[in-house]
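Note that the numbering runs from 1 along the sequence shown for the chain. All values below come from the heavy atoms of this structure, side chains included, with hydrogens, waters and symmetry mates left out.
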Amino acid sequence: MKIREQFEQILKHPPGSVVWNASGDRCFFAALPMLISGMWDAALVDLAMAAILIARMLKKCTGTPRKNSSWPEKTAAWGILISADILALLPTNNFPGNLSTAIAFSLVICAFVLYFGGTMMALYSMVPALWCCVFMPYHEEFMLLLSFPLRLSATVLSAGILNLCGVGVVHAGTSLNLPGINIAITDACSGIKQLDAFILIALIAVEILHKKSGWKILHFSFIIPAIIIGNTLRIVITVLLYRQCGEVILENTWHTALGYVQIILAVLIFLGIGRIFQAADKPEPEELEK
């Protein structure tokens, strides 16, 4: 009965139901190519992430009384809609084959929610709309876009740490030059393949660790630094083990094992940052007494 009542509350919020239907449809059709091509892990993680984001948005719908938007909100909604029209009219391919059209579609959703549901509802709907309508259809493009900065940052940091440890290393782009060998940090070594799963873990972690939205956003923003630091430590460990054990460290078994070490380190770093923020968010004894 409770589920039915919540569903009825959602239907009383047209903005919430629109985001649910529009984002859910785009999410499903964006996941299909990944499933067909055999990218089951990425597709399932992206679908799970979309389900969580849409569920959070719907929870806010059921817990927030519906109110009429003010005239500044309606004016802003029209402005967003006009911006979406301009994006959609740019010389492009048909949706979903073009990024500007995908962004325009998500802006239309946000404009509708802003006009009929107000600012807070629009903010709650923005993230699931962007994830389902923009990120998922262009999953591979975004991954490739992030790959090089992640690799370059980890290469520069690891070279600096190794030189501090007395290991003579010179970095050139995303490669480390050691005496007698050149170690290239490729896309597979950047941590980009684990980014989807890491985002999902990070979202669950911030929801559990923090109650205030500000701390959630701040903690969530440390995803990329945690991945870079985890990858940096993996590269440093790899080079140090190579100096002790030789090229066996660069073979598939060791390489895969060290890849898992990178994920574990990144997760631990991210959770450690969350614990620090959680401690900072605790109210003082005087506040508790009040």
Side-chain angles (χ1 to χ4, degrees), residues 41-42 45-46 49 127 130-131 134-135 138-178 181-210 214-243 249-250 254-280:
D41 50 350
V45 169
D46 283 359
M49 185 74 176
V127 175
L130 289 173
W131 180 269
V134 179
F135 179 79
Y138 294 91
H139 179 275
E140 286 298 307
E141 288 81 355
F142 279 110
M143 293 296 106
L144 291 173
L145 183 66
L146 289 171
S147 175
F148 182 75
L150 290 178
R151 288 187 290 137
L152 183 61
S153 301
T155 305
V156 172
L157 287 174
S158 59
I161 293 172
L162 288 167
N163 283 315
L164 288 174
C165 294
V167 180
V169 176
V170 177
H171 72 85
T174 59
S175 297
L176 293 176
N177 298 318
L178 287 83
I181 193 169
N182 180 43
I183 300 177
I185 313 302
T186 62
D187 286 336
C189 303
S190 66
I192 201 67
K193 289 187 175 181
Q194 295 82 24
L195 183 59
D196 277 351
F198 196 85
I199 291 174
L200 180 60
I201 293 171
L203 180 63
I204 295 172
V206 298
E207 288 293 332
I208 294 173
L209 291 175
H210 311 292
W215 286 107
K216 290 180 180 180
I217 295 171
L218 180 62
H219 186 194
F220 197 76
S221 67
F222 277 83
I223 289 178
I224 299 298
I227 290 176
I228 292 173
I229 295 171
N231 197 19
T232 299
L233 295 175
R234 179 191 67 84
I235 295 170
V236 171
I237 294 170
T238 300
V239 172
L240 294 177
L241 288 174
Y242 167 77
R243 286 168 57 86
I249 299 301
L250 304 179
W254 276 96
H255 188 72
T256 303
L258 289 169
Y260 286 116
V261 169
Q262 172 193 347
I263 299 171
I264 294 170
L265 288 172
V267 171
L268 290 176
I269 291 167
F270 186 80
L271 293 177
I273 293 170
R275 287 295 184 183
I276 294 172
F277 290 158
Q278 191 180 37

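Inter-residue side-chain proximity for Val261 and Arg234 is flagged as unmet; no heavy-atom pair is nearer than 4.5 Å. Looking only at side-chain heavy atoms (C-beta outward), Leu130 and Phe135 stay at 4.5 Å or farther from each other. Using a 4.5 Å cut-off on side-chain heavy atoms (C-beta onward), Ile269 and Phe222 make no contact.
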Review item, side-chain donor-acceptor pairs of residues 155-162, under 3.5 Å, at least two apart:
from: Thr155; atom 1: OG1; to: Arg151; atom 2: O; distance (Å): 2.7
from: Ser158; atom 1: OG; to: Ala154; atom 2: O; distance (Å): 2.9
from: Ser158; atom 1: OG; to: Thr155; atom 2: O; distance (Å): 2.9

Please output the side-chain donor-acceptor pairs of residues 201-209 that fall under 3.5 Å, not counting sequence neighbours, one pair per line with the distance.
from: Glu207; atom 1: OE1; to: Lys216; atom 2: NZ; distance (Å): 3.2
from: Glu207; atom 1: OE2; to: Arg56; atom 2: NE; distance (Å): 2.6
from: Glu207; atom 1: OE2; to: Arg56; atom 2: NH2; distance (Å): 3.1

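Judged by distance alone, with hydrogens and angles left aside, the side-chain atoms of Ser153 form no donor-acceptor pair with the main-chain N or O of Leu150 at under 3.5 Å.
Atom-to-atom distance recorded for Ile263:CD1 and Phe198:CZ is 9.5 Å, nearest 0.5 angstrom. Remark: Met143 CE to Tyr138 OH distance equals 15.0 Å, nearest 0.5 Å. Note that CD1 of Ile227 is 7.0 Å distant from CD1 of Ile199, once rounded to the nearest 0.5 Å. For the atom pair OG (Ser175) and CD1 (Ile183), the distance works out to 9.5 Å, reported to the nearest 0.5 Å. The distance from atom CG of Leu233 to atom OG1 of Thr238, rounded to the nearest 0.5 Å, is 10.5 Å. Put simply, OG1 on Thr232 and CD on Gln262 are 9.0 Å apart, with the number rounded to the nearest 0.5 Å.
Below 30°, between 30° and 60°, or above 60°: for Trp215 and His210 the angle between ring planes is below 30°, a parallel geometry.
Taking all atoms of both residues into account, the shortest heavy-atom contact from Trp131 to Asp46 is NE1-O, 3.3 Å. Considering every non-hydrogen atom in both Asn182 and Leu176, the closest pair reads OD1-O, 3.1 Å. Across all non-hydrogen atoms, the minimal contact from Val134 to Phe142 is O-CE1, 3.6 Å.
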